[in-house]
Novice: 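For reference, the structure I am asking about is given below.
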Amino acid sequence: MVTDTRRRPLRDLRISVTDRCNFRCTYCMPKEIFNREWEFLARDELLTFEEIGRLARVFAGLGVHKVRITGGEPLLRRDLEVLIADLSSIHGIDDLTLTTNGSLLARKAETLAAAGLDRVSVSLDSLDDDVFRAMNDVDFPVARVLEGIDAAAAAGLTPVKVNAVVKRGVNDHTIVEMAEHFRGTGHILRFIEFMDVGTTNGWRLDDVVPAADIVGAIHAVHPLEAIPPAYPGEVARRFRYQDGAGEIGVITSVSNPFCATCTRARISADGFLYTCLFANKGLDLRPLVRSDMSDEAIADVVGQVWASRDDRYSEVRSEHTDGLPKVEMSYIGG
Ligand code: SAM
Ligand code: SF4
Ligand code: SF4
């Protein structure tokens, strides 16, 4: 097991399998930037499933036990279940999950579950159709995401987590409605503070609704109480309904950063290793996996990168972060 300069072990790995997406969420891939001129990665730049599998084994050997597949929209990657089947067979990886916008989930949930996927997180920012269509900016309806969530639950990809990014003046008036919809369903609704990932989403601190206000709004209608994290380093702060109707979570990346317990590494779709969501520089692993280097030698390199890790961006961010070079969320994977 390796630890970084702040004594944080390497426990989680997020793997982006594509930088493409069929949505244009305004906070992630604004249309004005991610348009026809935007150059997405070419197919031969993407890590192959074999290369991803090999890297995942190397990371498992270094202490990773949790793997999340993300993107872009991961379900756009063809035959993803083949990768899932391989990853689910890796010794030491006991939690295999995927984050998706849910648009293709109704069709794919069964196959993914059969391949060995444990759970899914589905992003859904509002139940108000007009609000949601405006936020995904491709006019995608709420109902089809809800179908995806139902299909995931029916396939046993449970508990389903539903992630909603909250942006002031955009969807914050629909928070309580969301909470009421998912209360008592067994799904875990989690509200994410709008973050300053990348440089294209026009982030301003004023647009962030602090998690305390989100919890307060729900608590006023359906009383909540804080509960401890499910495991050390859990990103969300958890609350349960006092009447037993389940739990919610809030991801307080801005109002209450959790860098001190951050044990996550990320691999972009083209094989760069990043040790922080807000990094501007990664290590290109592709030449390593495409050379005749042994797994042990690759593990040494990754171990050294982790050992020298000092990241704690969210703890030191300032009000204006637009001048900083940072990679985009759709590229690094959320
Ligand atoms: N396309 C998939 C999806 O939307 O679930 C997976 C990739 S997406 C980049 C992963 C997560 O990041 C989503 O839950 C999304 O809402 C969240 N996200 C994207 N941009 C964000 C931002 N600026 N602040 C907070 N969360 C963000
Ligand atoms: Fe696509 Fe997910 Fe980003 Fe929305 S949040 S644009 S669905 S990658
Ligand atoms: Fe981890 Fe970087 Fe996020 Fe802090 S800012 S929690 S170090 S990814």
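Both ligands and their constituent atoms are indexed starting at 1 by order of listing.
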Novice: Please report how many protein N/O/S atoms lie under 2.8 Å from atom 4 (Fe) of ligand 2.
Specialist: 1
Novice: Using a 4.0 Å cut-off to any heavy atom of Gly71, which atoms of ligand 1 qualify?
Specialist: 7 (C), 9 (C)
Novice: Regarding atom 5 (O) of ligand 1: of the candidates Cys21, Gly202, Ala164, Ser123, which has the closest heavy atom?
Specialist: Ser123
Novice: Any N/O of Ser121 closer than 3.5 Å to an N/O of ligand 1?
Specialist: no
Novice: Heavy-atom contacts with Ile192 under 4.0 Å: which atoms of ligand 1 show up? List them by number with element.
Specialist: 25 (C), 26 (N)
Novice: With a 3.5 Å distance limit and no angle check, can you tell me whether Thr5 reaches the backbone of Arg309 through a side-chain donor-acceptor pair?
Specialist: yes
Novice: With a cut-off of 4.0 Å, which atoms of ligand 2 are near a heavy atom of Gly72?
Specialist: 8 (S)
Novice: Under 3.5 Å, N or O to N or O, is Thr70 touching ligand 1 that way?
Specialist: no
Novice: Go through ligand 1 atom by atom and flag the ones less than 4.0 Å from a non-hydrogen atom of Gly72.
Specialist: 1 (N), 2 (C), 6 (C), 7 (C)
Novice: Start with the C-alpha gap between Phe140 and Phe132, add the side-chain angles, then the distance that decides, and say whether ring-ring contact (aromatic ring centres under 6.0 Å, His included) holds.
Specialist: CA-CA 8 Å; Phe140 200 87; Phe132 183 60; 7.0 Å; no
Novice: Between Val197 and ligand 1, does any nitrogen or oxygen pair lie at a separation below 3.5 Å?
Specialist: no
Novice: Which pairs, with at least one residue in residues 85-109 and sequence neighbours excluded, count as a ring-ring contact (aromatic ring centres under 6.0 Å, His included)?
Specialist: none
Novice: I'd like to check which ligand 1 atoms, numbered from 1 as shown, lie under 4.0 Å from a non-hydrogen atom of Glu73.
Specialist: 1 (N), 2 (C)
Novice: Can you find a side-chain donor-acceptor pair between Asp270 and Ser268 that sits under 3.5 Å?
Specialist: yes
Novice: For Ile33, what are the other residues in its hydrophobic cluster, where any two members join if their side-chain heavy atoms are less than 4.5 angstrom apart?
Specialist: Met29, Phe34, Trp38, Phe40
Novice: Listing by chain and number, which protein N, O or S atoms are under 2.8 Å from atom 4 (Fe) of ligand 3?
Specialist: Cys259 SG
Novice: Just to be sure I read this right, does ligand 1 sit under 4.0 Å from the backbone of Asn201, its side chain, both, or neither, counting only heavy atoms?
Specialist: side chain
